[in-house]
Amino acid sequence: MSRNLDSPVQTQMAVAVFKTPLTGGNKMEGNQHKHHQQQQKLQRQSSGRRVFVQTETGCVLGMELDRSDNVHTVKRRLQIALNFPTEESSLTYGDMVLTNDLSAVRNDSPLLLKRNFMHRSSSTPCLSPTGRDLQQKDRSGPIEILGQSECFSVVKQMVKDIVKAMKLGVDPLPVHSGLGGAYYFRNKKGDSVAIVKPTDEEPFAPNNPKGFVGKALGQPGLKSSVRVGETGFREVAAYLLDYNRFANVPPTALVKITHSVFNVNDGVKGNKAMREKKLVSSKIASFQKFVAHDFDASDHGTSSFPVASVHRIGILDVRIFNTDRHGGNLLVKKVGTFGEVELIPIDHGLCLPETLEDPYFEWIHWPQASIPFSDEEIEYIQKLDPVKDCEMLKRELPMIREACLRVLVLCTVFLKEAASYGLCLAEIGEMMTREFRAEEEEPSELEVVCIEAKRSVTERDVFSPRSDVIGEAEFQFDLDCDELESVYGSKLQLTDDNFTKNPFSNGRSSLGKLEESIKEEEEEDEDENTHLSDTGRKNNTKPLTRGKSENTSSGHKSANEQLQASASFVKVADMKEDEWVLFLERFQELLGPAFAKRKTATLSKRQRLGTSCQF
Ligand SMILES: Nc1ncnc2c1ncn2[C@@H]1O[C@H](COP(=O)(O)OP(=O)(O)OP(=O)(O)O)[C@@H](O)[C@H]1O
């Protein structure tokens, strides 16, 4: 019986770092192995690269690439290794569907091998490693850091300690809490050093050990705007963005890691053979420093939490649009004899969603969040540079999607403008959070501003098809400003000068990338939309009914598009580069009136409370 690729549960196999051409795995021991690794490293430095190809079901293969390699040769090697007809599949690298050229792929990057849904059928042959491949000896180390950043130097030391302990037989311990698979890796004394979360064991991923399975990597996950298998790089992004450890995010890296402790779900041909042969599983995982702590924020009163810690974590959450800052994701460590505590933010896998949705900020009603930012915090915020953040993330995490970067830019701009306007953290968080009214989920104030900004950019395109010609834009903006005046009661000023000088234009068009992404989306449309609508139902996301939504103005949208949009009120990823630049301009222009409205609301709330206190 051939295996069914539709099955959410697929095989995991021992990793093999393939060289070109495919040769059998020679057994190498001790010095010979070290020498070989050094040679490989030198080879990579001079010309080649190594990539880690992950199938949708979690199976990971390390592969050495030569300059001459292309998608075809990579697929051929995969075909041999996985017994998988690769013409049925496509190779993706973040947003990019790789058609042939591999020059954009960086060393140590993970690639995802995806089935082409159009060709999928019950007879589609399955991923079934052959015996020969299973005998391949993994020539890479048991833990390999994916990425070169200096920030990973702390992680390197932890890796060394763990590998030593592994050789002495100190096994990792599975973590029982949380929905995803996680493991404490220990040093030779048996102390936990790192928490490792394999990407194929996330909630809904094929090898989730806690029963939350049902999706392949790359499909919308627990949050519809974060795909299954993509929480790991978000954890790393949060650490990398936390400059100078301002918010105290523990050091985190993406790793390829091999150990028999990892979960491989039953019911799939190949897994049994793997177990019988006592083969180990290689995974792509987030690897985070273990921080000893006394409890988490859900177990304890919050009054002892330092204002500065709450502010710093809040600033990070706003920048990265964290959708999962619940009390359990804030570890608390006692640091003094007078009840002083240190907060450690963890679990950033659901930050930087592909589209705005409802964030979750546990701190929003804590009194600390209503205290104004200190001068030091304001200075930190003002120094944030979202363009540089994006450049850094693209460099360190090349698989990151453009859509996530746009959310980062948008939220950082929002934070900077809000802080300089004088809003406190609680007000900023409230503006980003959706409200339920009459059992309907309302767009947040942030989303309303985005919807208006987007509408003005879109209408400009409709009224002025050649509106890229300077001069025509001005006319359209006049129209928009009149319209917006009725919404916000303020006359907006926008000039072409603003457009050309916009700091968010990186000077190069990402159109190519978007086109590739659109191609990918189109291919997946049917399947994904089903999932998006499912997720929407699971999350109780209501269909849009308000006039403010960007969707309501488009009666001609396909059913698929409407389904897709039901998870979000406004998408930022579908704008072309020039639209995005204009959008950000309009967005910034609209923020002033929105902040003023929020300040008035806060004042009247305080006045109401003041009156009631007199009684
Ligand atoms: N860096 C860390 N140091 C120490 N303990 C940690 C760390 N990260 C996570 N933990 C512990 O592991 C548990 C599970 O981790 P985490 O919450 O990140 O996993 P998850 O599967 O993403 O959980 P959830 O389902 O709550 O989102 C946490 O509740 C915490 O106790």
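Just so you know, ligand 1 is whichever comes first in the structure, and atom 1 is the first atom listed for that ligand.
Donor-acceptor pairing under 3.5 Å is lacking for the side chains of Asn322 and Asp324.
Counting only residues at least two apart or in different chains, ring pair (Phe, Tyr, Trp, His ring centres under 6.0 Å) contacts with residues 228-250 comprise Phe246-Tyr380. Residues in residues 312-349 take part in no ring pair (Phe, Tyr, Trp, His ring centres under 6.0 Å) pair, two or more places apart or across chains.
Without hydrogens or angle criteria, Ser89 side chain to Leu113 main chain gives no donor-acceptor distance under 3.5 Å.
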Q. Which is it for His259 and Phe185 under the ring-ring contact (aromatic ring centres under 6.0 Å, His included) test, yes or no, and what are the steps along the way?
A. CA-CA 10 Å; His259 203 284; Phe185 275 69; 5.8 Å; yes
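Qualifying side-chain contact (heavy atoms from CB on, under 4.5 Å) partners for Ser109, counting only residues two or more places apart in sequence or in other chains: Tyr93, Val105, Arg106, Pro398.
The protein residues lying under 4.0 angstrom from ligand 1, judged by non-hydrogen atoms, are Val175, Ser177, Gly178, Leu179, Gly180, Tyr184, Ile195, Lys197, Gln288, Lys289, Phe290, Val291, His293, Asp324, His326, Asn329, Leu331, Ile346, Asp347.
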